[in-house]
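See below for the structure under consideration.
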There are 2 protein chains.
Amino acid sequence: MLNKNVFLEKYFLMTRSEENYLKTIFHLGGGDSKSITTNAIAEQMETKPSSVTDMAKKLSEKGLVDYVRYQGVSLTDAGIKTALSIIRKHRLWEVFLVKKLDFSWDEVHEVAEQLEHIKSEKLIDKIDALLDFPKYDPHGDPIPTKDGKFQERDEKLLSDMPINSNGICVGVKDSSVPFLKFLDKNKIALGNTIKVLDKEDFDNSLRIQMNGKEMRISHQIASNLYVKKND
Amino acid sequence: MLNKNVFLEKYFLMTRSEENYLKTIFHLGGGDSKSITTNAIAEQMETKPSSVTDMAKKLSEKGLVDYVRYQGVSLTDAGIKTALSIIRKHRLWEVFLVKKLDFSWDEVHEVAEQLEHIKSEKLIDKIDALLDFPKYDPHGDPIPTKDGKFQERDEKLLSDMPINSNGICVGVKDSSVPFLKFLDKNKIALGNTIKVLDKEDFDNSLRIQMNGKEMRISHQIASNLYVKKND
DNA sequence: ATCTATTTTTAGTTTTGTCTAAATTTAAAT
DNA sequence: ATTTAAATTTAGACAAAACTAAAAATAGAT
Ligand SMILES: [Mn+2]
Ligand SMILES: [Mn+2]
Ligand SMILES: [Mn+2]
Ligand SMILES: [Mn+2]
């Protein structure tokens, strides 16, 4: 009885703010027992370092992060588990919005930021099933499984591909609205085939074939596109 | 410019708590320029009258309710509009959960209480379209249109139907989980045909035919079922 | 018209999450 | 080893939303 209450407290009664902190710490690498600084978290979340310190204490108290004063925070196993469940929800909702409601990939993030905090295990499991258990979100980011496993993919940045190599465009590194809109405008989409034809030493721009059509791409762009190399 | 900010403040930046108050006031009849007492609101929301007073001032300040000290609150036109948009979202999400995710009608309310606060006009419009613009929610409650119109239905309580009259079960007055589960267990569902065979003066119970099968129903039950009478 | 029970409001506190400004610690440079 | 700049924490304040206890207003009964 007491045990159950402890469980409820730790895993279910998370505030929206706490969830956002855990997610951010995870994205900054705090899941690999790396210490993330308060400044880094504050910058990412557009808040103040002093606020981060307060939350670090609170999350530490709850056993979700390890916090050493002046040294930063890293996620505990419980913290990783919680962060992954939020990220899972975020990405599943993004897929839902694109596949079922015809949102474009540059519109989904903002809404998913809200939907990821809905508390209902049944709801997200049903959404998962409705979508036929997708492995990647609309930006090519992997969706953690229910038990918190990631499906890694052997991918590299287009800018790191050698000349004459082939592959398929599988993800974006920058998923900001302007970049996604730029890609749409230039008919660059996930799933497209890519062949690197030539690299320009002068500005590191690339000549590529995308779905058979030849085009030139700046280094800026190439360094924000993930490609799965053919064998 | 200033004007636009005022608009955003009033209509978009509503807190979850403010939205819940407006919804409750509407359900208590505050949309018909009837004054709702702080006590009534507090009881409905399971909070304290003093908290309601605070919120009444705040909502009044925002032009969403008319508030007269010691007299209670009623919704302004802006307040009604906002309340209806929350109710619309709540009911559309309930339909979504039942029709697309196979939730049962006793499971949807709790989740809809969360989903109704998601801020995205596009999202709810797309859900509406996905569901083919439903007019009623799983409990038979009407779904307001985008411009805040209600589709009224000519319905009456089963307990008020005369002997030998026919109709179709179209809604529940009490939509508590126990009542809904009781209806499931007794194969009473919306859409069923109903004929009143006999009324027992002693305890006001009814003998009815439901989908052709004869059954006896207590007054308690009959007074919580809405029926659309056949011409 | 006065009294009284009930309702409602006020005043003061609490919790959560944020902020600013000041103090402290750390890390880098001399 | 000092000095200095940057990062981090503390202290104190604030806003939102709730609460309790006390004060004030209302409405009903005499
Ligand atoms: Mn996203
Ligand atoms: Mn994404
Ligand atoms: Mn409901
Ligand atoms: Mn309903």
Side-chain angles (χ1 to χ4, degrees), chain A residues 5 8-25 28-30 34-74 79 82 86 113-114 116-117 119, chain B residues 5 8-10 12-25 28-30 34-74 82 86 113-114 116-117 119:
Chain A
N5 282 333
L8 280 170
E9 246 175 67
K10 282 206 178 154
Y11 296 100
F12 290 177
L13 294 180
M14 299 278 298
T15 67
R16 174 174 299 224
S17 185
E18 288 170 343
E19 291 184 343
N20 283 333
Y21 272 97
L22 289 182
K23 198 179 48 152
T24 300
I25 295 166
L28 291 172
K34 192 173 83 179
S35 231
I36 310 297
T37 66
T38 34
N39 252 14
I41 298 167
E43 189 179 354
Q44 182 75 23
M45 298 187 71
E46 298 183 78
T47 182
K48 302 292 166 181
S50 56
S51 307
V52 178
T53 300
D54 287 344
M55 185 57 84
K57 287 175 186 166
K58 194 175 168 198
L59 293 175
S60 168
E61 201 61 44
K62 289 196 172 193
L64 296 162
V65 304
D66 291 320
Y67 168 54
V68 183
R69 270 173 55 197
Y70 292 102
Q71 298 305 131
V73 297
S74 61
T82 308
I86 313 288
E113 284 290 310
Q114 299 180 60
E116 73 190 3
H117 300 292
K119 268 127 191 120
Chain B
N5 281 334
L8 279 170
E9 248 177 63
K10 282 205 178 158
F12 291 174
L13 294 179
M14 300 278 299
T15 67
R16 175 175 300 222
S17 185
E18 288 170 343
E19 291 184 342
N20 283 334
Y21 272 97
L22 289 182
K23 196 178 48 152
T24 300
I25 295 167
L28 290 172
K34 192 174 83 179
S35 231
I36 311 298
T37 66
T38 33
N39 252 14
I41 298 168
E43 190 178 354
Q44 182 74 25
M45 299 186 72
E46 297 184 78
T47 181
K48 303 292 168 184
S50 56
S51 306
V52 178
T53 300
D54 287 345
M55 185 56 85
K57 287 175 187 165
K58 195 174 166 198
L59 293 175
S60 167
E61 201 61 44
K62 288 194 173 195
L64 295 163
V65 304
D66 291 319
Y67 168 54
V68 184
R69 268 174 58 197
Y70 291 102
Q71 298 305 130
V73 297
S74 61
T82 309
I86 313 290
E113 284 291 309
Q114 299 179 61
E116 73 190 4
H117 300 292
K119 269 126 191 122

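Reminder, nothing fancy here: chain letters follow the sequence lines and each chain counts from 1.
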TODO: Take the protein atom CZ of B/R16 and the nucleotide atom P of D/dA16, then report the distance between them rounded to whole Å.
DONE: 17 Å
- [ ] Taking all non-hydrogen atoms of both residues into account, name the closest pair between B/H117 and A/Q114 and its distance.
- [x] O-OE1, 4.2 Å
Open item on the list: Whole angstroms only, please: what is the CD1-P distance between B/I41 and C/dT9?
Closed with: 9 Å
Task: Residue-phosphate contact under 4.0 Å: B/R69 side-chain N/O, C/dT10 OP1/OP2 - done: yes
Task: Matching residue for A/S74 among A/V68, A/L28, A/D66 - test: side chain to side chain contact (heavy atoms under 4.5 Å, CB included) - done: A/D66
Open item on the list: Taking the side chain as everything from C-beta on, heavy atoms only, tell me whether B/K23 gets closer than 4.5 Å to B/E113.
Closed with: yes
Open item on the list: Taking the minimum atom-to-atom distance to the side chain of B/T47, which one of D/dC19, D/dT8, D/dA25 wins?
Closed with: D/dC19
Open item on the list: From CG of A/N39 over to P of D/dT8, roughly how many Å is that when rounded to an integer?
Closed with: 4 Å
- [ ] Identify, between A/M55 and A/Y70, the residue whose nearest nucleotide on DNA chain C lies closer to the 5' end.
- [x] A/M55
- [ ] Quickly work out the A/E18 CD to C/dT18 P distance and round it to whole Å.
- [x] 10 Å
Task: Between P of C/dT9 and OH of B/Y67, the distance in whole Å - done: 3 Å
- [ ] Please check the phosphate of C/dC19 (OP1 and OP2 only) for any side-chain N or O of A/S51 closer than 4.0 Å.
- [x] yes
Open item on the list: With a 4.0 Å cutoff (strictly under), does any side-chain N or O of B/Y21 reach OP1 or OP2 of D/dA16?
Closed with: no
- [ ] Round to the nearest Å and state the distance from B/D54 atom CG to C/dT8 atom C1'.
- [x] 12 Å
Task: For B/K62 against B/L13, the heavy-atom pair lying closest together - done: NZ-O, 3.7 Å
Task: B/T82 side chain reached by B/E18 side chain, heavy atoms, under 4.5 Å - done: no
TODO: Taking only the side-chain heavy atoms of A/K48 (C-beta and beyond), determine which of C/dT18, C/dT26, C/dC19 contains the nearest atom.
DONE: C/dC19
TODO: For the side chain of B/T53, starting at C-beta, report the closest nucleotide among D/dT10, D/dA18, C/dT8.
DONE: C/dT8
TODO: Rounded off to whole Å, could you give me the CG-to-P distance for the B/L13 and D/dA15 pair?
DONE: 17 Å
TODO: Please state how far atom CD in A/Q71 lies from atom P in C/dT25, giving the value in whole angstrom units.
DONE: 13 Å
Open item on the list: Tell me whether the side-chain N/O atoms of B/K57 come closer than 4.0 Å to OP1 or OP2 in C/dT10.
Closed with: yes
TODO: Mind checking A/T38 for me? I need base, sugar-phosphate or nothing, with any heavy atom below 4.0 Å counting as a touch.
DONE: sugar-phosphate
Open item on the list: Base, sugar-phosphate or nothing for B/S17? Non-hydrogen atoms, less than 4.0 Å.
Closed with: sugar-phosphate
